[in-house]
2 protein chains.
Amino acid sequence: MSSFDHTEIDDVIHGRLRLGIMAYLSTASPAPFTELKQKVNATDGNLSTHLSKLEAARYVRIEKKFANKKPRTSVHLTETGRKAWIAYLRRLEDMIAETKS
Amino acid sequence: MSSFDHTEIDDVIHGRLRLGIMAYLSTASPAPFTELKQKVNATDGNLSTHLSKLEAARYVRIEKKFANKKPRTSVHLTETGRKAWIAYLRRLEDMIAETKS
């Protein structure tokens, strides 16, 4: 296996918006939907679509609650998600390290 | 601007296969088409498609020559490509650094 083999990169995480989501959640989970949206610079629809994809992979968990009668959505990084994030970073770091040696 | 803003990531480089190509070329330009194909684990058609996209952005230059009457294609990283690669890496490293602080 070559360090440059593109099929070794986790495609669920790699999409630009999902990468931003995973990176942010790795520092700030759980995050309110509205905060996440602003950090990754997404629209509501766009963020929802990509969260669904991450949820399907069980990398995130979406929680809907009511606070003062208002719905609040928060996004949690799961343990599976954290492991996938670490593996993804390692893979990327290996490839980048190779380009610097 | 947030470090997690997905629109700040160069989409031309970010696609998994193109990322593999750029990473490999940053260490070994010019590279023969056949060598590149093996390193990034792509088919002929797939590699050609993504090289065209990188060529359109002027990140790579494709050279076709004949050696012993056989056609040989080699792929060169351009100066523009090298700068874009460095900028891309910086952007990614900033985002990752933020997740570790």
- Residues of residues 72-91 of chain A with any heavy atom under 4.5 Å of a heavy atom in chain B: A:W85, A:Y88, A:L89
- Could you please state which residues from residues 47-58 of chain A sit under 4.5 angstrom from chain B, measuring non-hydrogen atom to non-hydrogen atom, sorted by number, or 'none'?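 Interface residues of residues 47-58 of chain A: none, nothing closer than 4.5 Å to chain B.
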- Please round to the nearest 0.5 Å and tell me the distance separating atom CD1 of B:I96 and atom CD1 of A:I96.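 Between B:I96 CD1 and A:I96 CD1, I get 6.0 Å after rounding to 0.5 Å.
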- Task: Not counting sequence neighbours, list each pair that qualifies as a salt bridge (Lys or Arg N to Asp or Glu O under 4.0 Å) and has a residue in residues 14-29 of chain A.
- Result: A:R16-B:D11
- If you check every heavy atom in residues 20-41 of chain B against those of chain A, which residues fall under 4.5 Å?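 Counting heavy atoms that sit under 4.5 Å from chain A, the residues of residues 20-41 of chain B involved are B:G20, B:A23, B:Y24, B:S26, B:T27, B:K39, B:V40, B:N41.
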- Message: The test is side-chain contact (heavy atoms from CB on, under 4.5 Å); show your working for A:L17 and B:T7 and say whether it passes.
- Response: CA-CA 8 Å; A:L17 182 48; B:T7 64; over 6 Å; no
